[in-house]
Protein chains: 2
Amino acid sequence: MVLTTEIVNDFKNFIKKKGLKYTSEREEILKEILKSKDHFDVDELYMKLRKKGSKVSKASVYRTIPLLVEAGYIQEVYKQDARSYYELTLDKLPHIHFICVKCKNVDEIIDKYLAELIQKEAKNKDYTPLTYHLEIFGICSNCKRRV
Amino acid sequence: MVLTTEIVNDFKNFIKKKGLKYTSEREEILKEILKSKDHFDVDELYMKLRKKGSKVSKASVYRTIPLLVEAGYIQEVYKQDARSYYELTLDKLPHIHFICVKCKNVDEIIDKYLAELIQKEAKNKDYTPLTYHLEIFGICSNCKRRV
DNA sequence: TATATTTTGAAAATAAATCTCAAATTTTAT
DNA sequence: ATAAAATTTGAGATTTATTTTCAAAATATA
Ligand SMILES: [Mn+2]
Ligand SMILES: [Mn+2]
Ligand SMILES: [Zn+2]
Ligand SMILES: [Zn+2]
C-alpha cells in the first residue's frame, strides 16, 4: 500500500518536471482514480467526480488521463464498445482479462508465467516491452449454466 | 493452403444455413479478404475493392465483416486509433502482436506455450475461451537504434 | 503586483461504426 | 419463366467517444 499523499506529491513533481502547471483539476482527477478498485472509463470517472460536487469538465478528464498513463499510475487495459477502460497500475501484478462475450463481465487472472513468456519473446526480437494486454474472450461459468 | 473456391462454397453454405441470401457483394468481400497477407481495417479493404472497380459500399463491408467473423474466417486482432484491425484466421497459429509505439509497426510472434497457458487458466476458472489477443506495446529494434 | 504562459470549460469538430429506408436483388412459389 | 415475398443494398443521416478550438481563468515567474 502506497500513501495517497506521497503519490500526489510525486505527480506534482512529474508535472513540474515537464514544465506544466499543477492544477486543482489534475489533482482532483488523480485522487479520484486512486480510490478506484477496478476498471473504469472516462464517463464513469467523470460521473463520480460530479456526484462529489466537483466542477471538473469531461475535457479535463480526457486531457489528464494521458498524463497519468505517462507518469505510470494508470494503464489502458482494454477497449469495449469503442470505449477505453483503464486501471491503476499500482500494487497490481500484470494479469489476464477474461471478458465474457455474453454478460460482458471482466475477470482478472494473475499468471506468474505470463511475464516470463513476454520477456523471453521480447528479448528474442530485441524489442523493449512497455505494457501488454492479454484478453481472452469467451463464455464465463455463469453464462454457461443459464443457456 | 486451402482453396479459395472451397472456402467460398463453405461460406455460401454458412449464409444459406442462417437463412440469409447469398449476394455478389458478400462474395466479393470474402474473396478480397482471402487475398490479404496481413492485418487490415475496413477502410483499407474498401479502398482495395474500389480500386478493382467494385461497386460495393462501405456499409456492406461493415455488414459482412461480422458474418465472416462468425463463420470463423477472420478475427479482430487489435484496435488502434479507434479503428479495428482484422486478419485471416486460416492457416494461422494464434500469435502475439508486438506493436511499436513509435513507428506503429506490428510484428507477429508465435509462442507455442501461450495456447497452453490460456487453456490452463480457462479450465481453472471454468471459462470457455473463444478467441484471445496478446498485444505487447513497446519499442521495436529499429526505433531503438535511431534515437 | 504585473506579465507571460498554460489550462480550463463549453461547445464545435472529427471520425468510426451503426442505422434508416427506398430501390435493387435474391429466393420461393406458382 | 414470372410473380410475390423477403432480404440486402447504397447513400446518406445518425450516433457517440474522443479531440480540438478559443476566450476566460488560473498558475508560475519576475
Ligand atoms: Mn485488470
Ligand atoms: Mn496477426
Ligand atoms: Zn458471462
Ligand atoms: Zn518502431
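So that the names make sense, note that chain A is the first sequence line, chain B the second, and so on, each numbered from 1.
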For atom NZ of A:Lys79 and atom C1' of C:dA17, their distance in whole Å: 14 Å
When A:Glu25 and B:Glu25 are each assigned the nearest nucleotide of DNA chain D, the 5'-most assignment goes to B:Glu25
Kindly indicate whether the side chain of A:His95, heavy atoms from C-beta on, has any atom under 4.5 Å from the side chain of A:Glu87. yes
Kindly point out which of D:dT9, D:dA11, C:dT8 is positioned nearest to the side chain of B:Ser60? D:dT9
From the options D:dT20, D:dA11, D:dT9, select the nucleotide whose nearest atom is closest to the side chain of B:Arg26. D:dT9
For B:Glu70, is there an ion pair with B:Lys18 - N to carboxylate O distance below 4.0 angstrom? yes
Does the side chain of A:Arg63 get closer than 4.0 angstrom to OP1 or OP2 of D:dT19 through an N or O atom? no
Can you tell me if A:Tyr62 touches the phosphate of D:dT18, counting only side-chain N or O atoms and a distance under 4.0 Å to OP1 or OP2? yes
A:Leu20 CG - C:dT7 P separation (whole Å): 5 Å
Closest-nucleotide mapping onto DNA chain C: is B:Val42 or A:Ser57 further toward the 5' terminus? I mean the 5' end. A:Ser57
Rounded to the nearest angstrom, tell me the gap between atom NZ in B:Lys18 and atom C1' in C:dT27. 18 Å
Within this structure, what is the OH-to-P distance between B:Tyr86 and C:dA16, rounded to whole angstrom? 13 Å
If you find the nucleotide of DNA chain C closest to B:Asp81 and the one closest to B:Lys12, which residue's nucleotide is nearer the 5' end? B:Asp81
Would you say A:Arg83 reaches D:dT18's phosphate, i.e. side-chain N/O to OP1/OP2 under 4.0 Å? no
Consider the side chain of B:Ala59, meaning its heavy atoms from C-beta on, and name the nucleotide among C:dT8, D:dG12, D:dT9 that approaches it most closely. D:dG12
In sequence, state the C-alpha distance, the side-chain angles, and the governing distance for A:Glu28 and A:Ser54, and then conclude on side chain to side chain donor-acceptor pair (under 3.5 Å). CA-CA 8 Å; A:Glu28 267 186 291; A:Ser54 170; 2.7 Å; yes
Step through the shown structure and confirm whether more than 12 heavy atoms of other residues, nucleotides or ligands are within 6.0 Å of NZ on A:Lys120. yes
Has the side chain of B:Lys21 got a donor or acceptor atom sitting under 3.5 Å from an opposite partner on the base of D:dA6? yes
Please give, in whole Å, the distance from C:dG9 P to A:Glu28 CD? 9 Å
Got a sec: does the NZ of A:Lys12 have more than 12 other heavy atoms crowding it under 6.0 Å? no
Gap between atoms NZ and C1', on B:Lys55 and D:dG10 respectively (whole Å): 12 Å
Could you state the atom-to-atom distance from CZ of B:Phe40 to C1' of C:dA16 in whole Å? 16 Å
Which is true for B:Lys16 with a 4.0 Å heavy-atom rule: it touches a base, it touches only sugar-phosphate, or it touches nothing? sugar-phosphate
With the side chain of A:Ser84 defined as its heavy atoms from C-beta on, choose the nearest nucleotide among C:dT7, C:dG9, D:dT18. D:dT18
Roughly how far, to the nearest 0.5 Å, is the OH atom of B:Tyr73 from the CG atom of B:Leu34? 8.5 Å
Atom CG of B:Leu67 to atom P of D:dT8: distance rounded to whole Å? 8 Å
Residue-phosphate contact under 4.0 Å: A:Thr23 side-chain N/O, C:dT8 OP1/OP2: yes
NA contact type, A:Lys58, heavy-atom cut-off 4.0 Å: base, sugar-phosphate, or nothing? nothing
